[in-house]
Amino acid sequence: MTLCQLFLQSEAAYACVSELGELGLVQFRDLNPDVNAFQRKFVNEVRRCDEMERKLRYLEKEIKRDGIPMLEIPGECPEAPQPREMIDLEATFEKLENELREVNQNAEALKRNYLELTELKHILRKTQVFFDEMADPSREEEQVTLLGEEGLMAGGQALKLGFVAGVILRERIPAFERMLWRACRGNVFLRQAEIDSPLEDPSSSDQVYKSVFIIFFQGDQLKTRVKKICEGFRATLYPCPEAPADRREMAMGVMTRIEDLNTVLGQTQDHRHRVLVAAAKNIKNWFVKVRKIKAIYHTLNLFNLDVTQKCLIAECWVPALDMETIQLALRRGTERSGSSVPPILNRMETAEEPPTYNRNNKFTSAFQHLIYAYGVATYREVNPAPYTIITFPFLFAVMFGDLGHGALIAIFGFWMCYKEKPLQAKKIDSEIWNIFFGGRYIILLMGLFSMYTGLIYNDIFSKSLNIFGSSWRSNYRNDTLADNKLLQLNPDSEDYLQYPYPFGIDPVWQLAESNKIIFMNAYKMKISIIIGVFHMLFGVCMSLWNHIYFKRRISIYVEFIPQIVFLTLLFFYMVLLMFIKWTSYGPTPGKLGSDDPDVIRTSAYCAPSILITFINMMLFKTDPNTRPQCDDVMYAGQMGLQKMFVVVALLCVPIMLFGKPYFIMREQKQQARSQPLGAGPEGAEGAQAENGAAAGAPAEAPHGAHSHEEISEVFIHQAIHTIEYVLGSVSHTASYLRLWALSLAHAQLAEVAWNMLLRKGLMSMGFQGGIFLYVVFAGWAAISVSILVLMEGLSAFLHTLRLHWVEFQSKFYAGEGYLFQPFSFEVILDSAGQAEE
Amino acid sequence: MGASFVPIVVFTVLWGVVGIVCPIFAPKGPNRGIIQVVLMLTAATCWLFWLCAYMAQMNPLIGPRLDNETLIWIAHTWGNPIANGTK
């Protein structure tokens, strides 16, 4: 990673930055950090781009509202257009936006008109119904008045009744009626009829149900009161003629006007649709172009304008291996802009720490993200990601270990990887899906390893497979079998065939519901510690790599060697004890069940507990011998060797504690001595300048870096490191026992699910048993997937992550770097696309 | 020692081929290093895991405690017919 200075001619700057954006390999630094965003050079252009984006978003909203599909960009992303094209784009967007707004306004006005006419039509129709109900068949139609004969005869004179007709929302009718009754003291008469078809509200485009009403009243006071109440309930009143002939004429007029309006409305909608369809073809294209322009101008804002105002200066981080590609890109940009002056890319020396850049492909990037989530690697430090590709799924699988569930995960992972391209193109919105899809390779590997460990644990949905034939036999006779419910097989007899099941755990253990856990606990705890110690030793060895690369020779002697010795002599020794116990104690083939004291000494009776042995070793204690036939030791010279191991390991602690500070003190004294007295500070500066010269691997970094550090600081620093390591080695070793704990939990949960659900279904008889099994299987499958696969999977994932981050990486990883974030159109377009959705 | 020769050889050779021989033939290209690391780590971890399972069962210290019905069944199916009398 080199810091470079870039000199660009102003005309060529736009094109060059565009080329660099396509390439995505350069990280620009902000050379105007104290300049306000509104005072930067290209703020106007950025504003114009924002305006264009706003117009495009409006267009997109309208297109989505009509449900028109937006075409995806065929083939490659379009390149950022030239500055002069920007004006064309602006004009196009302006025109489209204005047209669309006009069309929308017209459509709204037309719809309002249409609504009024429709309501009028309904009113005319419904009042006709009211009159028909009142009709006396003996009378001629033309002479029917609103109230009919009774009304005329009752008062002895013609009562002049006024009426208003209108339309109101159906929900408001009860309140409306009540209000009318109360306000007019029951002196008005309301008739209402529902309009069957819903009407479209012009502003909100909702479909609402309305009813027609007619209110009869007498006198002007009631008329005003009724009108006010109608206004309050937002009912629209329409003039309705009294005579049927007039009404019919009006109805016909209304129908014609409605027809006309319909045609016009249809044409308006068509026009709008056409405009939107034309826009939809290009809108994604335009979005990309506008975003690229904006990105380029944002980047140009980071540059400095030099004194002659003709040249832009930029500072950028560039991966050293890619200099050639970048030079080519710059040359292409200059050619495109037609400028004659070539851009200059100059290396700069700096003491600053460069950003960390690890090249990844689609497979490794997921694992790299897992590591980065904890902390970005310090510049040029060893990257644990390549090893995580395998150790992560492996540790997950040790905790998950089920062939059936592992197969489900593997199938899911395989499907996602196989259908990678179509699934990516779909751009699904859900964040949970994106998390799963981003980790598809991790999921695939976790599934495959889980299938392998499932085969070894011999666990498929809590049942075992008997592929090679069990190594255990039953030799009990029928009377013993009849008298005893539970019987144990004895390995020191014919019951065990004296050679183990060749691949994995013997299937007989799954049948031994009462003491399977005792055996599995011993086995799984041991493998957890074995795997853990190997993992941690691997971590400490990675620190050796770091020391060698950064040329910290002192650290190799006073940090790496004591650390390895401490870990090996104590915990790797415990691992060796486990292997020794596995090989030394057990039945002797050919002398099964013998009383020979030599045979008894290596039988199961005399097998010691590794944990007690280890604790006694650390405490320099010996337990009294409660089993006189057995030896105190597992092998000759054990006690002496153990004492020596503990002493040497304890001696490593002060070396770790005081070694490095001692050497640093010595170097500081040497430095002070080798410089002339008056030039003390200059000497230190000289050392600093020497260090500043190295942009790549810093030479003797602790040499210069610590020259100004207080000695007490160094001691405290080293003390913290040592305590962390020493205490950590104990606690981390125990922490690996979570491998045992989680695999036990998983096995037990699977067993419970099987026994309580599927077994009951499988044991049910008859035809109804079949249906019962069908139902029970659904429940068992749901529990298996939701609890065992998803919940346990997430849990094991989390614990594996913790094991990697804390137990493994604390042995060597500093993680104090910052990420290389190049200026890349791909990244910007992706994030803009996601933010939009 | 209750170890049988054949499975040890088979599995050690198998994972040895995966972990030591195959990386030599990894395809040349930018991913050669990653492929080699993946193969070697896979072989090492899988072999270690198999080895622990095998060694834990070579010299068993206890045997399974089974239900008498299960014992009858395994005697019947695993080819050890039940004899008369007490144990």
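Letters A, B, ... mirror the listed sequences (proteins, then strands); counts begin at 1. Since this is a predicted model, take the numbers as computed values, not measurements.
- Residue L48(B) touches chain A through its side chain alone, counting heavy-atom pairs closer than 4.5 Å.
- When heavy atoms are compared at a cutoff of 4.5 Å, K581(A) approaches chain B solely by way of its side chain, counted from C-beta outward.
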Pair M40(B)-I390(A), side chain to side chain contact (heavy atoms under 4.5 Å, CB included): steps then yes or no: CA-CA 9 Å; M40(B) 289 196 281; I390(A) 294 294; over 6 Å; no
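- C541(A) pairs by the disulfide (SG to SG under 2.5 Å) definition with nothing, not counting sequence neighbours.
- When the heavy atoms of residues 17-36 of chain B are compared with those of chain A, the residues falling under 4.5 Å are N31(B), I34(B), listed by number.
- Highest contact tally toward chain A, considering only A75(B), P81(B), A53(B), is held by A53(B) [criterion: heavy-atom pairs under 4.5 Å].
- Remark: S609(A) pairs with L611(A), I612(A) by the side chain to side chain contact (heavy atoms under 4.5 Å, CB included) rule, at least two apart or across chains.
- Side-chain atoms of P7(B) and F468(A), non-hydrogen and from C-beta on, never get closer than 4.5 Å to each other.
- Highest contact tally toward chain B, considering only Y605(A), F363(A), Y457(A), is held by Y457(A) [criterion: heavy-atom pairs under 4.5 Å].
- Looking only at distances, a side-chain donor or acceptor of S514(A) sits under 3.5 Å from a matching main-chain atom of R65(B).
- A donor-acceptor pair shorter than 3.5 Å can be found between the side chains of N84(B) and N478(A).
- L71(B) is listed as a side-chain neighbour of L489(A), based on a closest heavy-atom distance under 4.5 Å.
- Here the closest heavy-atom approach between residue F49(B) and residue I531(A) is recorded as CD1-CD1, 4.2 Å.
- Taken from SG in C46(B) to CD1 in I456(A), the straight-line distance is 8.0 Å, to the nearest 0.5 Å.
- Counting heavy atoms from C-beta outward, W78(B) and R473(A) have side chains that approach closer than 4.5 Å.
- For chain A, the option among L51(B), I82(B), T42(B), I62(B) with the highest count of heavy-atom pairs below 4.5 Å is I62(B).
- Neither the backbone nor the side chain of D483(A) comes within less than 4.5 Å of any heavy atom in chain B.
- Neither the backbone nor the side chain of T602(A) comes within contact range of chain B, judged by heavy atoms closer than 4.5 Å.
- Residue Y476(A) holds its OH atom at 11.5 Å from CG of N68(B), rounded to the nearest 0.5 Å.
- At a threshold of 4.5 Å between non-hydrogen side-chain atoms, the residues L41(B) and F394(A) do not count as touching.
- Of the residues considered (L487(A), T588(A), I530(A), L486(A)), L487(A) shows the highest number of contacts with chain B, using heavy-atom pairs under 4.5 Å.
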Audit row: Y387(A), V37(B), side chain to side chain contact (heavy atoms under 4.5 Å, CB included) steps and yes/no: CA-CA 7 Å; Y387(A) 313 104; V37(B) 162; 3.9 Å; yes
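- Considering only heavy atoms from C-beta on, Y523(A) stays 4.5 Å or farther from Q57(B) through its side chain.
- Residue-level contacts of residues 501-508 of chain A with chain B, in order of numbering, are Y501(A), P502(A), F503(A), G504(A), I505(A), D506(A), V508(A); threshold 4.5 Å between heavy atoms.
- Rounding to the nearest 0.5 angstrom, the gap separating the CG atom in N59(B) from the CD atom in Q498(A) is 8.5 Å.
- Of the possible polar contacts, none joining the N515(A) side chain to the P64(B) backbone as a donor-acceptor pair under 3.5 Å is found.
- Between T45(B) and F449(A) the shortest side-chain heavy-atom distance falls below 4.5 Å.
- Using a 4.5 Å cut-off between heavy atoms, F579(A) contacts chain B through both its backbone and its side chain.
- Taking 4.5 Å as the limit, some side-chain heavy atom of L481(A) sits within range of a side-chain heavy atom of I72(B).
- Looking only at side-chain heavy atoms (C-beta outward), F519(A) and P60(B) stay at 4.5 Å or farther from each other.
- Contacts between K516(A) and chain B at a heavy-atom distance below 4.5 Å are absent for every atom of the residue.
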